[in-house]
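Presented below is the structure to which this report refers.
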Number of protein chains: 2
Amino acid sequence: MTPEHGTRRRILASARDLIYSRSYTGVGVAEICTRAEVKKGSFYHFFPSKRQLSLAVIDDLQNAIEDRGLSPAFAPDIPPLQRLQRFIEHLHAFQCAAAKTHGHLLGCPFGNLALELATSDELIRRKLAAVFAAIQARFEHVLTEAQTAGEFGVLDVPATAKAMLAYIEGVLLLAKTANDAALIRQLGPAVAQIRILPADC
Amino acid sequence: MTPEHGTRRRILASARDLIYSRSYTGVGVAEICTRAEVKKGSFYHFFPSKRQLSLAVIDDLQNAIEDRGLSPAFAPDIPPLQRLQRFIEHLHAFQCAAAKTHGHLLGCPFGNLALELATSDELIRRKLAAVFAAIQARFEHVLTEAQTAGEFGVLDVPATAKAMLAYIEGVLLLAKTANDAALIRQLGPAVAQIRILPADC
DNA sequence: ATTGCATTTTACCGATCGGTCTACTATTGT
DNA sequence: ACAATAGTAGACCGATCGGTAAAATGCAAT
């Protein structure tokens, strides 16, 4: 088929790691190529621009996190509310691992890119908003399941899911700023207490 | 004394606005000078480097927000828990105003810088951590006051304050990503429900 | 063998990056 | 009046930025 010797994949992986561990503007195409062991000409054979690459990186990250992060954590083998706690535990473990290899806590890759680029690049902003919407949907699913199990009364499920996501993003932000993963364990579990009632109260 | 015609102030204000509305790496010294109506030579007369400028910008922002944001919102003219709601309202109003003038929601300037630079610049990271600690102290004050008024039982006050700050940072992150200030009004008020109990339960 | 295409290599582009240097102009204290 | 000093102006630096052009190479089908 396509004889491509994994070059595209290597570029993508290199960009993913570098941008995640630093920032979008803080990483240059040259450095991405060096780490991927690829010449700049090859880079621009597979990606028309650094910006397009970043869009591909976001897709790649979303798939990876969806498959290796969200799906295992939210698997229906335990009651819905316990899945939230498992998610926090996974988050903590992942951030610890990243901190050990990179020397710094890296936080949420989408949150990082969002705060850096949301005002500069409308397309990236929208793409990141879509990623957040997808994660929010996971929380919504857990909430509705818990609700049908009689877990709590009236609830604005989408709003509560959004609030939970916000809380977790905020915890990751503070943890990254403090470079301290313990914050995730300390603050994370409280996510399950968050509730937003319907507006017509 | 110093004849300085407000040059330093103009540089600081220009940098504050530009960096806040875009990012640190996304703004160049040349652009900062242009907006401040200052030549590059003058810039480097007042600031030894772009990095040092950014530290001064953080100080400047902290003072401004402390005086014109936090102090009014947390003033003791109303019961402690109502101050939280007033703070959310102020936040919403401020973000709306910034969104109207800049075309985009800008979020929290400290959160923006933190996620962009925390892994690249240890000094800036620590400074931002200190800013967050100062804001956390405001929440702690409100919480202890509410507690002495018999508002709630046992509570890990510092942890709860940190969790509240995390939640607000997360809400601002999502609001910026969605470019929608309504999120602040929708999710913000739930900050008052957050509680973290002492570890020895 | 030869064509055709995908991939790779290398050299290069103009623009911008943060930062420096020197000369000039005010202003202030004596 | 004069020297010292603070501030301004603007040319200039090497490095790096994202991106381009054109050869050279590998590989597959005819």
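Numbers restart at 1 for each chain; the letters A, B, ... are given by sequence-line order, proteins then strands. The basis for the numbers below is simple: all heavy atoms, side chains too, and nothing from hydrogens, waters or symmetry mates.
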The nucleotide from dG7(D), dC17(D), dT9(C) with an atom nearest the side chain of Lys39(A) is dT9(C)
Check the distance between dG18(D)'s C1' and Ile32(A)'s CD1 and give it to me in whole angstrom. 11 Å
Ranking dG19(C), dG19(D), dA6(C) by distance to the side chain of His45(A), first place goes to dA6(C)
Can you check the Phe43(A) CZ to dT20(D) P distance for me, whole Å? 11 Å
Show your reasoning for whether salt bridge (Lys or Arg N to Asp or Glu O under 4.0 Å) applies to Glu122(B) and Arg126(B). CA-CA 6 Å; Glu122(B) 189 68 9; Arg126(B) 285 179 192 275; 3.5 Å; yes
Measure CZ/Arg22(A) against P/dT16(D) and give the value in whole Å, please. 13 Å
Are the side chain of Arg22(B) and the backbone N or O of Val27(B) linked by a donor-acceptor pair below 3.5 Å? no
Should the side chain of Lys40(A) and the base of dG19(D) be counted as holding a donor-acceptor pair, with the cut-off at 3.5 Å? yes
Looking at Asp59(A) and Arg16(A), is there a salt bridge between them, counting it only when a charged N and a carboxylate O are closer than 4.0 Å? no
In whole Å, what is the span from the CZ atom of Arg9(A) to the P atom of dT7(C)? 14 Å
For atom CZ of Arg8(B) and atom P of dA6(D), their distance in whole Å: 15 Å
Does OP1 or OP2 of dT8(C) have a side-chain N or O of Thr7(A) closer than 4.0 Å? yes
Side chain of Tyr44(B), heavy atoms from C-beta onward: which of dG19(D), dG18(C), dG10(D) has the nearest atom to it? dG18(C)
Base, sugar-phosphate alone, or nothing: which one does Gly41(B) contact when heavy atoms must sit under 4.0 Å apart? base
I need the CZ-P distance between Arg51(A) and dG18(D), as an integer number of Å. 14 Å
Nearest of dG19(C), dA9(D), dT9(C) to any side-chain atom of Ser42(A)? dT9(C)
Could you tell me whether Glu140(A) and Lys162(A) have a side-chain N and a carboxylate O separated by less than 4.0 Å? no
Measure from CD on Glu37(B) to P on dG7(D) and round the result to the nearest Å. 19 Å
Report yes or no: do Glu66(B) and Ser71(B) form a side-chain donor-acceptor pair below 3.5 Å? no
Is the base of dG19(D) touched by the side chain of Lys50(A) through a donor-acceptor pair closer than 3.5 angstrom? no
